[in-house]
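Inspection log for the structure reproduced underneath, given as structure tokens.
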Amino acid sequence: MSRLRITGGRIIDPASGRDEHGDVLICQGVIESIGGQSDGDQAETIIDACGQIVCPGLIDLAARLGEPGSENKATIASESAAAVAGGITTLALPPDTSPAIDAPSVVELIRRRASDADAARVLPLGALTRGLEGELLADMAGLQRAGCPAVSDGGHAIPDSLVLQRALAYAATFAIPTLLSATDPDLDDGCLHDGPVATRLGLPTIPAAAETAGLGRTLAIAAGLEVPIHVGHLSARASLPVLRQARAGGGRVTADVAIHQLFFTQQDAAGFDANFHLRPPLRTTSDREALRRAVADGEIQVVCSDHTPQDADAKEGPFGRTQPGASGLDTLLPMVLRLVEEGVTDLLTALGTVTSAPAQVLGLSTGRLAPGAPADVCVLDPEGLGWCRTERLRSQGLNAPFLGWEMTGLVNATVVGGRVVYRRHEHA
Amino acid sequence: MSQQIDANGQLRHFLTTEGLPPDLLNRLLDTADSFTGVIDKSVKKVPLLRGRTVVNLFFEPSTRTRTTFELAAKRLSADVLNVDMGTTSVKGESLADMLHNLEAMQADLFVVRHADSGAANYIADRVDDSVAILNAGDGRHAHPTQAMLDALTIRRHKGRFEPLTVAIVGDILHSRVARSQIHALNGLATGEVRVIAPRTLLPEDIESLGVKVYYDPDEGLKDADVVIMLRLQRERMQGALLPSEGEYFKRYGLTRERLARAHPEAIVMHPGPINRGVEIESSVADGRQSVILEQVTNGIAIRMAVMSTVLGAYHDAGREAE
């Protein structure tokens, strides 16, 4: 069967802490050996990784792909191709599709599309409640059997605390990892942080209290049930002490932050630029700095793109009328590397937030370079320069807040399950 | 905001009073003053905008505001077209499409009123260079001509802005008028601008706009030279922002007793329409210190000044006379 050797690269594996030069040998879709030099075996394919970094393929914990329901904005084919060009080998698809991922048939549809696209792995996250309406439980065990690694509220916090409690208890019955958004739905009806920019522009707000109140309620219910949970897309500094307190009380809780929250603030929306209409909203410089520290300290384990491709119409119109969300597949890896460049954290920790940490949240065997693990690998040139421009974005969503930024770190090759699904030169 | 000022420092659109240089604000007031004579004459017309087309594009119905813009345009001899888009919300794409259609009619100036904050900025970003946009109120964001007519009214009564204390009372949170007044008054170097409201009607960090915040009107009105009352929308009771109109009037309504806390020569203003007995007592609204009707008259002069300035007509006419 097919063998692949990636030679001479700097192998970085956050799961084991490995950072050394050597070869990665892949056989039959699985990593066979790591380190050492070529032993003269007849590998069918060789990727020369001299001067490059070889790391696990990225796992994006929140990536909307347009399908099903918004094929005008993006498709599984377009987005999984964009993903592998950005070093991402696994996309966790939140259930807020149309229809919602609340039935095995929807999972099946997504799996078929992903298989046709033949690029990144697409993992549909099941809905906690039917239609994500927050009233009736979804068939979680059935979703799990159909292939959902986890269940989620898909960014729609369950308003009824009793339903939330029962949904968590039911998910725990089957040991399904649960991903929740940390918002109080009653305080979530706005489009900018409750601060001077919203005051100047006259736009309705989402205060930080929307997050701390929602987070507090969710953590209290999870603590009462003694179930582990993952909370998604934090934006507020004030959420960090809430997390800390829950952990001090024995709560098993992991958290993620969207990459744009680590670079932008409310000021970026000051000119009514709809690409900065995000949910949760961008907050203050002090929030951003606290989130960066939390990523460096491991209080926030995962960084995701929260990829939400929009078409031009969705971002046209007065700010409050536009759809929230950022296109982020193209920029996730370069911006994670930029955290290292800016001295926020070291390379192992930074790459861990997009590989081993999300793998752990979803209970996956990928996200690491270890003998016997599925061979999902990213080979990147850490010095490679690129620009974030609309004509260069591979995602169909051109709504990238990083437009105009210089990006360091170019992906040269991406391997999914031992197959080379992307090589830069072929696509140049 | 450079979006509304061109490379030569000339006003190209009029979207907000925020960030406008003081000399530009003063020039607009001077220009408006020069038009007052026109309004008082029996033939109330000047030919400054003859042959130019002004389109009143109202996505939010407002007969009063539209009428003053229409009157102002006609007194400048412009052709006026009123397009009422009614209350139906227009989606982004069709808004842009419709603008291009209107552009094809070769209009020179769009006067835009829209229920969404940022609508005028959005439109100004997308029209041809030959078209000017005048914001007649967008959501809670800005209502710059209202703020300028208020400034004109204040200047006519009080002269310089530097020694003045101006108190704005009421629903600051939802008010585009208040935001534009604050920026205009600060741009004109007003001594002190105060806002007075219960916390539910104050946006977060309003201090960052350069105002002093008072919850207590008796304290906030003390020695004020100008008192601006804002209209309280009845629907504010619905969102749990206020208990009742009666409670609001008792705590924040402008009564004669409360007005006595202000400077004895203080003027009382209101952008209209007034809710008598809700934010202001009738005897104050119609009283000696009220300049509310004057504001309406000044509104025409200000709108003439803004229209002729953004279309370059006043500027050009001045140069020819030199």
Side-chain angles (χ1 to χ4, degrees), chain A residues 72-73 184 186-212 236 238 265-277 281-287 310-325 398-399, chain B residues 1-3 15-19 59-60 89-99 112 114-126 135 137-143 171-180 182-183 186 195 202-211 213 239-240:
Chain A
N72 53 319
K73 295 181 176 178
D184 179 326
D186 295 331
L187 292 174
D188 199 33
D189 191 19
C191 55
L192 280 181
H193 172 67
D194 202 13
V197 175
T199 292
R200 272 186 46 231
L201 301 185
L203 286 166
T205 60
I206 301 175
E211 189 167 295
T212 51
T265 68
Q266 57 181 344
Q267 292 299 337
D268 291 290
F272 289 113
D273 182 346
N275 279 348
F276 296 98
H277 183 187
L282 297 166
R283 300 194 187 278
T284 68
T285 310
S286 116
D287 289 294
Q310 299 286 9
D311 59 5
D313 286 355
K315 287 289 186 185
E316 281 292 311
F319 193 93
R321 295 264 170 203
T322 59
Q323 298 296 313
L398 303 183
N399 51 311
Chain B
M1 296 244 158
S2 56
Q3 196 185 1
L15 307 173
T16 170
T17 50
E18 184 180 2
F59 295 90
E60 192 182 62
S89 78
V90 177
K91 281 188 73 184
E93 194 207 358
S94 48
L95 180 61
D97 278 351
M98 192 206 52
L99 275 174
V112 178
H114 198 286
D116 291 323
S117 301
N121 300 68
Y122 171 80
I123 292 167
D125 261 346
R126 278 157 188 82
N135 187 2
D138 63 323
R140 309 176 188 177
H141 173 233
H143 194 350
D171 185 359
I172 311 289
L173 177 65
H174 298 94
S175 179
R176 53 190 170 213
V177 173
R179 285 175 176 80
S180 284
I182 291 166
H183 292 307
N186 282 328
V195 294
L202 283 169
E204 192 69 20
D205 287 328
I206 183 74
E207 296 89 342
S208 65
L209 266 50
V211 295
V213 175

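- Using a 4.5 Å cut-off on side-chain heavy atoms (C-beta onward), B/Val112 and B/Asp138 make no contact.
- Within the 4.5 angstrom heavy-atom criterion, only side-chain atoms of B/Arg179, from C-beta onward, approach chain A.
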Run the side chain to side chain contact (heavy atoms under 4.5 Å, CB included) check on A/Arg200 and B/Leu209 step by step: do they pass? CA-CA 7 Å; A/Arg200 272 186 46 231; B/Leu209 266 50; 3.4 Å; yes
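- Only the side chain of B/Ser208 comes within less than 4.5 Å of a heavy atom of chain A; its backbone N, CA, C and O stay farther away.
- Contact count against chain B (heavy-atom pairs under 4.5 Å) is highest for A/Gly195 among A/Ala274, A/Gly320, A/Gly195.
- Of the possible donor and acceptor atoms, none in the side chain of B/Thr16 sits under 3.5 Å from a partner among the backbone N and O of B/Ala142.
- Taking the six-membered ring where the residue is Trp, B/His141 and A/Phe272 present perpendicular rings, their angle passing 60° and hence far from 30°.
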